[in-house]
Amino acid sequence: KPFSSKPCVLRFLRRPAPHFLSRRPGMAAMDVEGPAVIGMEQMAAMPHVARRVNFKLFQQAEVGAAVRVGGRLSASGSGKDRVLTTTDGGSLEVSAVDDDLPAEVVGGAFVEVVGTKAGDGALKTAGIVAMPGKEPMVDAELWDEAVKLMELPQFRDLFTPLV
């Protein structure tokens, strides 16, 4: 017999939806603050999926490798160049960042800079993801520990892209 002709299935299909699944008049959608993303098109156009790294892992990566580094941005005084203080205390020169960054991004908010390694202490930026909220919304030490755990041999396969 076809699946839908079974009596127990027909009874289930005729039941009204539970009250918690039905739409309630007057309920408004919640406003949820998401991350501010700068350079989404450039990040999507990158040929490889960027690997999460801290300063130590950045130093070990090959020049030209696609990486994403968490930390805080500050101006370096030379136009579009900025300095990223990473979660493990290193400093990277971040180039090719638009001058018109939102105030919260350059004001010390936690960001993840996505791009390619241009040298030992230089990162060519494709985009920036600013995490919502102010401190203590992102725990930099916890972020750094998570990045380190992703690199352990036992866990590396779980975080390596399959593309």
Side-chain angles (χ1 to χ4, degrees), residues 21 23 26-163:
L21 292 178
R23 293 186 182 249
M27 280 187 70
M30 289 177 47
D31 290 332
V32 178
E33 184 181 347
V37 180
I38 300 149
M40 189 179 307
E41 296 82 20
Q42 293 88 339
M43 288 189 285
M46 290 178 67
H48 300 287
V49 176
R51 182 178 134 220
R52 271 200 176 96
V53 297
N54 57 17
F55 184 74
K56 181 181 176 187
L57 295 170
F58 180 86
Q59 295 297 94
Q60 297 170 1
E62 298 176 14
V63 173
V67 294
R68 45 191 321 139
V69 188
R72 301 190 192 295
L73 278 179
S74 61
S76 68
S78 60
K80 293 185 177 191
D81 291 340
R82 308 262 189 240
V83 173
L84 178 73
T85 304
T86 63
T87 55
D88 58 344
S91 293
L92 295 174
E93 184 178 322
V94 176
S95 59
V97 177
D98 292 335
D99 276 335
D100 57 346
L101 290 174
E104 63 269 6
V105 171
V106 292
F110 190 88
V111 297
E112 194 170 32
V113 181
V114 181
T116 54
K117 180 176 177 178
D120 283 338
L123 177 64
K124 183 178 179 203
T125 306
I128 298 174
V129 179
M131 302 301 161
K134 298 284 183 193
E135 283 300 323
M137 293 303 287
V138 176
D139 184 341
E141 290 179 33
L142 183 61
W143 187 282
D144 191 52
E145 289 300 319
V147 169
K148 289 177 192 175
L149 279 172
M150 287 181 219
E151 290 299 315
L152 290 176
Q154 306 91 300
F155 301 120
R156 191 174 297 140
D157 290 342
L158 298 172
F159 299 101
T160 303
L162 297 176
V163 287

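The basis for the numbers below is simple: all heavy atoms, side chains too, and nothing from hydrogens, waters or symmetry mates.
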Show your reasoning for whether side chain to side chain contact (heavy atoms under 4.5 Å, CB included) applies to Phe110 and Thr87.
CA-CA 9 Å; Phe110 190 88; Thr87 55; 3.6 Å; yes
What distance separates [X] [atom1] from [Y] [atom2], expressed to the nearest 0.5 Å?
X: Leu152; Y: Leu158; atom1: CG; atom2: CG; value: 11.0 Å
X: Arg51; Y: Arg156; atom1: CZ; atom2: CZ; value: 7.5 Å
X: Phe58; Y: Leu92; atom1: CZ; atom2: CG; value: 5.0 Å
X: Thr116; Y: Met46; atom1: OG1; atom2: CE; value: 6.0 Å
X: Leu84; Y: Thr125; atom1: CG; atom2: OG1; value: 8.5 Å
X: Ser95; Y: Glu93; atom1: OG; atom2: CD; value: 6.5 Å

Is it true that atom CD of Glu62 has more than 12 heavy atoms of other residues, nucleotides or ligands lying nearer than 6.0 Å?
no
Around atom CD of Glu141, are there more than 12 heavy atoms of other residues, nucleotides or ligands at under 6.0 Å?
no
So, the side chain of Lys117 versus the backbone of Ala61: is there a donor-acceptor pair under 3.5 Å, distance only?
yes
Any sub-3.5 Å donor-acceptor pair from Asp88's side-chain atoms to Lys56's backbone N or O?
yes
Electrostatic pair Lys148-Glu145, nearest N-O below 4.0 angstrom:
yes
Does the side chain to side chain contact (heavy atoms under 4.5 Å, CB included) test come out yes or no for Phe159 and Arg52, once each step is laid out?
CA-CA 9 Å; Phe159 299 101; Arg52 271 200 176 96; over 6 Å; no
Compare every heavy atom of Val114 with every heavy atom of Ala50, then report the nearest pair and how far apart it is.
CB-CG1, 3.9 Å
If you compare all heavy atoms of Val49 against all heavy atoms of Ala66, which two are closest, and at what distance to 0.1 Å?
O-CB, 4.1 Å
Test side chain to side chain contact (heavy atoms under 4.5 Å, CB included) applied to Arg82 and Val113, step by step:
CA-CA 11 Å; Arg82 308 262 189 240; Val113 181; over 6 Å; no
